[in-house]
> 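The following block contains the structure, expressed as C-alpha cells.
Note: hydrogens, waters and symmetry copies are ignored here, and every other heavy atom, side chains too, is used. Numbers here simply count residues along the sequence, with the first being 1.
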Amino acid sequence: MKQHNGAGNSDSATEISPEEAGLNDRERDVLRLLGAGYTNRQIARELHLAEPTVKKYLSRAMRKIDQPDRLRAGLYAYRHLIGG
C-alpha cells in the first residue's frame, strides 16, 4: 500500500486503482455511495448498517486508496467507481 504524502492525489492516472487498493465489497459500496453524494446516515440506511460501521468502512477505505479526507475520497469514488 502506498504511503500518504500529505497532499492527496487529484489525478486518476497517478491514483491507486480500487483493485490495487484491495477494497472489499463493503468498502466499495460505501465509497460508491459517498461518491454519489450520500451522507454517512444515508449510506447506513441504504446498506442496512449502523452509522459507526459506515465510518469504520469509510476510514479503512480512505487509508487503502490514500485519500486524506471525505471530499477527496468522494471524488476518487466518482472517478473510479461511478463515472469512469
> I'd like to know if the side chain of K55 and the backbone of N40 have a donor-acceptor N/O pair within less than 3.5 Å.
no
> Do you know which of I82, T39, L47 makes side-chain contact (heavy atoms from CB on, under 4.5 Å) with L33?
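Exactly one option meets the side-chain contact (heavy atoms from CB on, under 4.5 Å) with L33, and it is L47.
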> Shortest non-hydrogen contact from L81 to R28?
CD2-NH1, 3.7 Å
> So, the side chain of Y38 versus the backbone of A44: is there a donor-acceptor pair under 3.5 Å, distance only?
no
> Are E46 and D29 close enough that some pair of their side-chain heavy atoms sits under 4.5 Å apart?
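They are not in contact (no side-chain heavy atoms under 4.5 Å apart), so the answer is no.
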> CG/L58 to CD/Q67 distance, rounded to the nearest 0.5 angstrom?
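If we round to the nearest 0.5 Å, L58:CG and Q67:CD are 11.5 Å apart.
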> Drop me the distance from E51's CD to R45's CZ, to the nearest 0.5 angstrom.
8.5 Å
> Tell me whether the count of non-hydrogen atoms from other residues, nucleotides or ligands lying under 6.0 Å of CG in D69 goes above 12.
yes
> Find out whether R26 and L49 are in side-chain contact, i.e. whether some heavy atom of one side chain is under 4.5 Å from a heavy atom of the other.
yes
> Mind checking side chain to side chain donor-acceptor pair (under 3.5 Å) for E20 and listing every partner two or more places apart, or none if nothing turns up?
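Applying side chain to side chain donor-acceptor pair (under 3.5 Å) to E20 gives S17.
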> What residues, two or more places apart in sequence or in another chain, satisfy side chain to side chain donor-acceptor pair (under 3.5 Å) together with R60?
E27
> Taking all heavy atoms of K64 and all of N24, pick out the closest pair and write down the distance.
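So the two residues come closest at NZ-N, 4.3 Å.
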> Which atom names give the shortest non-hydrogen contact between V30 and I43, and what distance separates them?
O-CD1, 3.8 Å
> Would you say L34 ends up clustered with L23 if hydrophobic residues are merged whenever their side chains have heavy atoms under 4.5 Å apart, either directly or through other cluster members?
yes
> According to a hydrophobic-cluster definition based on side-chain heavy atoms being under 4.5 Å apart (Ile, Leu, Val, Met, Phe, Trp, Tyr only), do I65 and L75 belong together?
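No, no single cluster joins them.
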